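See below for the structure under consideration.
Note that the structure is predicted; figures quoted are calculated from it, not measured. Quick note on labels: first sequence line is chain A, next is B, and so on, each numbered from 1. Just so it is clear, the values below take in all heavy atoms, side chains as well, and ignore hydrogens, waters and symmetry mates.
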Number of protein chains: 4
Amino acid sequence: MKKKKAANPRRRPIQRRSRQTVDAIVEAAARVLARHGYAAATTNRIAERAGVSIGSLYEYFPNKDSILAALLERHTEQGGAEVLAALEAEIARGAELPALLRALVLALLRQHRRSPELHRVLFEEMPHPPGADACVLRSEDAIAHRLQAALEADSACRAADPDLAAHLVVQTAEALAHRFVLHGIHGLPEARFADELARLLLRYLGGDRSAEAPARR
Amino acid sequence: MKKKKAANPRRRPIQRRSRQTVDAIVEAAARVLARHGYAAATTNRIAERAGVSIGSLYEYFPNKDSILAALLERHTEQGGAEVLAALEAEIARGAELPALLRALVLALLRQHRRSPELHRVLFEEMPHPPGADACVLRSEDAIAHRLQAALEADSACRAADPDLAAHLVVQTAEALAHRFVLHGIHGLPEARFADELARLLLRYLGGDRSAEAPARR
Amino acid sequence: MKKKKAANPRRRPIQRRSRQTVDAIVEAAARVLARHGYAAATTNRIAERAGVSIGSLYEYFPNKDSILAALLERHTEQGGAEVLAALEAEIARGAELPALLRALVLALLRQHRRSPELHRVLFEEMPHPPGADACVLRSEDAIAHRLQAALEADSACRAADPDLAAHLVVQTAEALAHRFVLHGIHGLPEARFADELARLLLRYLGGDRSAEAPARR
Amino acid sequence: MKKKKAANPRRRPIQRRSRQTVDAIVEAAARVLARHGYAAATTNRIAERAGVSIGSLYEYFPNKDSILAALLERHTEQGGAEVLAALEAEIARGAELPALLRALVLALLRQHRRSPELHRVLFEEMPHPPGADACVLRSEDAIAHRLQAALEADSACRAADPDLAAHLVVQTAEALAHRFVLHGIHGLPEARFADELARLLLRYLGGDRSAEAPARR
DNA sequence: AATGAATGAGAGTTCATTCAT
DNA sequence: AATGAATGAACTCTCATTCAT
């Protein structure tokens with residue numbers, strides 16, 4: 001019988017050696033998943049690719065799931081940080097809502113484009129045990145939180161509930177970017193898709209001048 | 001690695017008896033997945049729950065994956081058909097864009113609510129081998145296609161490319177409904193979420209009078 | 001139908017430990033086959049008799065067939081080596097054709113007598129997948145090759161084509177010894193059978209003085 | 001647990017219908033074995049090829065082994081009868097020992113050549129449960145018996161024990177013909193092989209004039 | 001007599017995990 | 001700390017055989 005232990009690394013990787021080993025394992029898992037798919041990602045194969053014995057692997061991770069969880073977390077956090085940074089940069093340069101949303105959309109597309117195979121395996125092929133998606137939610141929350149602040153500061157935004165609006169925006173952008181990168185929409189070029197998605201978000205938030213133009217007549 | 005055989009039932013379930021057995025197996029798979037999760041869904045357990053011998057199970061399905069694929073397909077097609085029907089009904093009664101989008105959102109939420117555990121396992125816990133998601137795309141395409149026609153017939157719609165707009169709307173509604181049912185957004189009640197999502201879609205498509213009202217003053 | 005993997009041990013048994021394990025498995029297979037027949041030779045039973053876990057068994061052999069193939073090869077090579085040695089010994093002591101052929105026949109009988117049950121299962125009960133018999137052919141070729149050299153050096157031999165003659169002699173001796181050990185000929189004692197078989201071979205090769213005697217009269 | 005029943009047909013096929021069905025099944029088994037090998041010869045496949053339901057198959061044969069045993073018996077008896085007939089014909093025309101032995105060798109080669117694939121599967125790939133070879137022994141005995149009578153009547157034969165000699169001759173001829181058809185000897189043409197094998201047998205039995213020729217000088 | 005859907009014991013094999021070295 | 005041979009529970013799937021129709 002298998003005991004399901006908490007999916008946390010066994011030891012805090014404080015020392016450099018440990019940190020390197022943990023990284024090597026997670027990195028190896030990423031490579032194996034991306035190149036050969038979930039079914040081929042056995043612990044022995046991951047250890048081999050990491051240049052580490054299977055025994056050492058289990059020194060750093062209590063079980064297989066914890067490795068995949070760590071990878072998912074790393075992947076999500078890296079991606080989230082990039083998007084957050086892109087957002088921050090745009091805000092810093094005093095961008096208005098339209099530019100902000102475009103930046104969000106482009107950053108998400110870029111992130112998904114980075115290693116689409118890994119992304120696909122991670123989010124479509126790989127089983128997500130209950131709770132595995134917490135880090136995804138956390139990452140989105142962080143982005144939504146930053147966006148909310150921006151919305152509150154932007155007079156063009158007509159959202160009654162900026163928190164809710166920010167969440168909807170982030171989730172929509174994330175979900176649609178994900179789908180577009182993996183499956184496309186007919187033959188639509190990415191640039192046009194980005195435009196359209198940004199337009200959708202902008203209209204929702206109300207900074208859409210062109211939409212109001214007819215009414216001004 | 002094992003040769004993946006075509007994921008088609010061995011025997012065309014033309015006769016009533018066969019059809020019943022196939023249904024029983026798929027239904028059993030659904031119950032096992034929903035109640036015990038992906039890891040517990042062994043072929044022997046599914047057969048047992050279906051009240052069928054393991055040999056019979058393999059009389060109707062060439063391998064395990066084909067059972068899960070059939071379940072995914074059934075689930076997706078049923079859901080898609082319901083949403084399509086809801087849309088159709090709304091259109092038939094001459095509903096305008098706002099009511100149409102509300103109906104779409106509510107139908108999707110209803111569908112995801114029906115058996116959220118099965119839904120979660122099917123879409124988050126269960127590995128989706130490459131190609132398994134084709135039926136999901138097909139279902140969304142069908143809904144998008146119907147919606148597109150409605151958009152083209154609706155003078156309030158300002159979408160330049162109704163095909164693209166319809167796809168974005170359906171994908172957004174589907175993705176957010178999915179996420180909301182599984183993870184929620186803070187403690188937001190479903191009714192309010194539905195309102196907000198419908199509002200988002202409506203503003204995108206341009207049938208949003210209230211948004212333009214202030215500008216008229 | 002299943003993909004047949006190469007019937008080679010996974011791990012080259014270079015280290016002493018590995019070599020021992022491989023031997024233990026092959027030896028266990030021999031015991032199980034001899035004692036309980038082909039039908040009882042399951043991988044689990046072989047592993048158990050070898051005092052090895054089923055997992056370890058598959059560490060050293062890629063599949064069941066490869067174990068049986070290894071056993072067949074070991075059996076054939078051992079037997080062939082013995083016969084070859086007997087032949088060599090006889091040649092070394094300067095034996096003439098009659099003694100040589102007797103030695104060949106006796107060595108083959110001895111070899112088949114050693115574990116007749118294993119021999120029977122290996123060559124009659126066990127399915128031989130195409131190609132499995134290559135090692136048998138190789139072994140016979142080696143013996144025939146040695147015999148050929150002896151024939152060419154023996155002035156009593158009247159064989160026009162020593163290569164062909166050597167092959168016929170070896171195949172005849174092998175086949176008849178095999179049959180005699182497994183099924184006997186009426187109640188014929190082995191000693192008389194050996195005499196007669198040796199006589200048959202001798203007459204073929206022409207070293208048979210007694211046969212020519214009457215004609216001289 | 002499987003009960004091993006006696007490998008005899010359940011019912012005496014007296015009626016024409018039954019006889020036809022039995023034949024169809026055995027014939028189907030032959031085709032499946034020859035074309036697809038032992039591993040593919042499942043009872044269901046045999047029944048299908050025979051144009052008979054699996055239920056009917058078990059009406060006529062108590063188990064799978066009995067079908068294969070029946071096929072082996074049919075094959076062996078047919079072959080034996082042909083060889084016997086060839087021998088008889090040669091004797092009837094008053095042939096001498098050399099011609100008789102040539103006829104025996106050629107008949108055996110012809111028989112093995114008829115469906116070498118079936119022959120190979122039947123005698124090398126297929127497991128022969130203990131006792132399955134009784135019919136082969138019987139068939140050879142019959143041929144040996146006829147040959148013995150011929151030897152006793154032939155003044156050229158110098159065999160001291162004609163019964164034993166006949167058995168050795170038949171077994172040698174059979175075994176070597178078998179081996180030659182299945183594996184060949186280097187690139188040797190069949191005609192030369194037949195010559196050499198006949199010469200071997202002839203020298204054994206002593207009707208070899210050419211061998212004695214040198215002595216006459 | 002004939003059918004063929006149903007059966008289920010048991011086969012081969014995998015792979016996450018352990019632990020003696 | 002590190003190793004990797006060893007483990008064995010548990011999996012998917014096959015196929016000879018049965019029996020209700």
Side-chain angles (χ1 to χ4, degrees), chain A residues 1-5 11 15 17-18 21 39-48 52-67, chain B residues 1-2 5 11 15 17-18 21 39-48 51-65 67, chain C residues 1-2 5 11 15 17-18 21 39-48 51-65 67, chain D residues 1-5 11 15 17-18 21 39-48 52-67:
Chain A
M1 223 151 303
K2 283 166 199 170
K3 306 159 209 162
K4 285 267 168 176
K5 299 172 187 172
R11 63 181 67 214
Q15 297 144 334
R17 174 71 167 287
S18 302
T21 305
T42 67
T43 49
N44 279 287
R45 173 109 80 144
I46 291 171
E48 190 191 9
V52 150
S53 73
I54 182 66
S56 290
L57 184 149
Y58 275 89
E59 201 62 37
Y60 291 103
F61 292 91
N63 53 45
K64 184 186 180 180
D65 278 358
S66 67
I67 300 170
Chain B
M1 223 146 305
K2 284 168 197 169
K5 298 172 192 168
R11 168 189 310 259
Q15 295 147 339
R17 176 74 164 285
S18 301
T21 304
T42 68
T43 49
N44 278 293
R45 206 202 282 240
I46 291 171
E48 191 189 8
V52 150
S53 75
I54 182 64
S56 289
L57 184 149
Y58 277 92
E59 197 65 35
Y60 292 103
F61 293 90
N63 53 48
K64 184 186 179 180
D65 278 359
I67 301 171
Chain C
M1 224 145 302
K2 283 167 195 166
K5 296 171 193 168
R11 163 189 314 258
Q15 294 147 341
R17 176 73 164 287
S18 301
T21 305
T42 69
T43 50
N44 278 289
R45 206 203 283 240
I46 291 171
E48 192 190 7
V52 150
S53 74
I54 181 64
S56 289
L57 184 151
Y58 276 93
E59 197 64 34
Y60 292 102
F61 292 92
N63 53 46
K64 183 187 179 180
D65 278 0
I67 301 171
Chain D
M1 219 149 305
K2 283 166 199 171
K3 305 161 211 161
K4 286 266 170 177
K5 297 172 188 172
R11 67 180 66 215
Q15 298 144 336
R17 173 70 166 289
S18 301
T21 305
T42 67
T43 49
N44 278 287
R45 174 114 72 150
I46 291 171
E48 192 190 7
V52 151
S53 74
I54 180 64
S56 288
L57 185 150
Y58 274 90
E59 199 63 37
Y60 291 103
F61 291 91
N63 53 46
K64 185 186 180 180
D65 278 358
S66 65
I67 301 170

Protein-nucleotide distance (D:Glu48, atom CD; E:dT3, atom C1'), rounded to Å | 14 Å
Would you mind reading off the distance between C:Ile46 atom CD1 and E:dA11 atom C1', rounded to a whole angstrom?
-> 12 Å
OP1 or OP2 of F:dT3 sitting under 4.0 Å from any side-chain N/O of A:Tyr58?
-> no
Between B:Lys64 and B:Gly55, whichever has its closest DNA chain F nucleotide further toward 5' is B:Lys64
Atom CZ of C:Arg45 to atom C1' of E:dG10: distance rounded to whole Å?
-> 13 Å
Out of curiosity, C:Ile46 CD1 to C:Ile67 CD1, how far, rounded to the nearest 0.5 Å?
-> 5.0 Å
Say you draw a straight line from OG of A:Ser66 to OH of A:Tyr58; how long is it, rounded to the nearest 0.5 Å?
-> 8.0 Å
Taking atom P of E:dA16 as reference, at what distance in whole Å does atom CD of C:Glu59 sit?
-> 13 Å
Do A:Ser18 and A:Thr21 have side chains that get closer than 4.5 Å, going by heavy atoms?
-> no
How close or far is atom P of E:dA6 from atom CZ of B:Phe61, stated in whole angstroms?
-> 13 Å
Taking atom C1' of F:dT12 as reference, at what distance in whole Å does atom CD1 of B:Ile67 sit?
-> 10 Å
Side-chain N,O (B:Thr43) to OP1/OP2 (F:dT12) below 4.0 Å = yes
For C:Thr42 and for B:Ser53, locate the closest nucleotide of DNA chain E by heavy-atom distance; then report the residue assigned to the nucleotide nearer the 5' terminus.
-> B:Ser53
Any residue meeting side-chain hydrogen bond (donor to acceptor under 3.5 Å, both in side chains) with B:Thr43, in chain and number order, not counting sequence neighbours = none
Write down the distance between OH (A:Tyr60) and C1' (E:dA16), rounded to a whole number of angstrom.
-> 20 Å
Could you tell me which residues satisfy side chain to side chain contact (heavy atoms under 4.5 Å, CB included) with B:Thr42, sequence neighbours excluded, listed by chain and number?
-> B:Asn44, B:Arg45
Could you please name the option among F:dC13, F:dC15, E:dG4 that lies closest to any side-chain atom of B:Ile54?
-> F:dC13
Of all the base pairs, Watson-Crick or G-U under 3.5 Å, which form stems of three or more consecutive pairs involving DNA chain F?
-> E:2-21 with F:2-21
Whichever of A:Val52 and C:Asn44 has the more 5' nearest nucleotide on DNA chain F, that residue is A:Val52
Could you check whether D:Ser56 gets within reach of a base, just the sugar-phosphate, or nothing at all, counting any heavy atom under 4.0 Å?
-> base
B:Asp65 atom CG is separated from F:dC11 atom P, nearest whole Å, by 15 Å
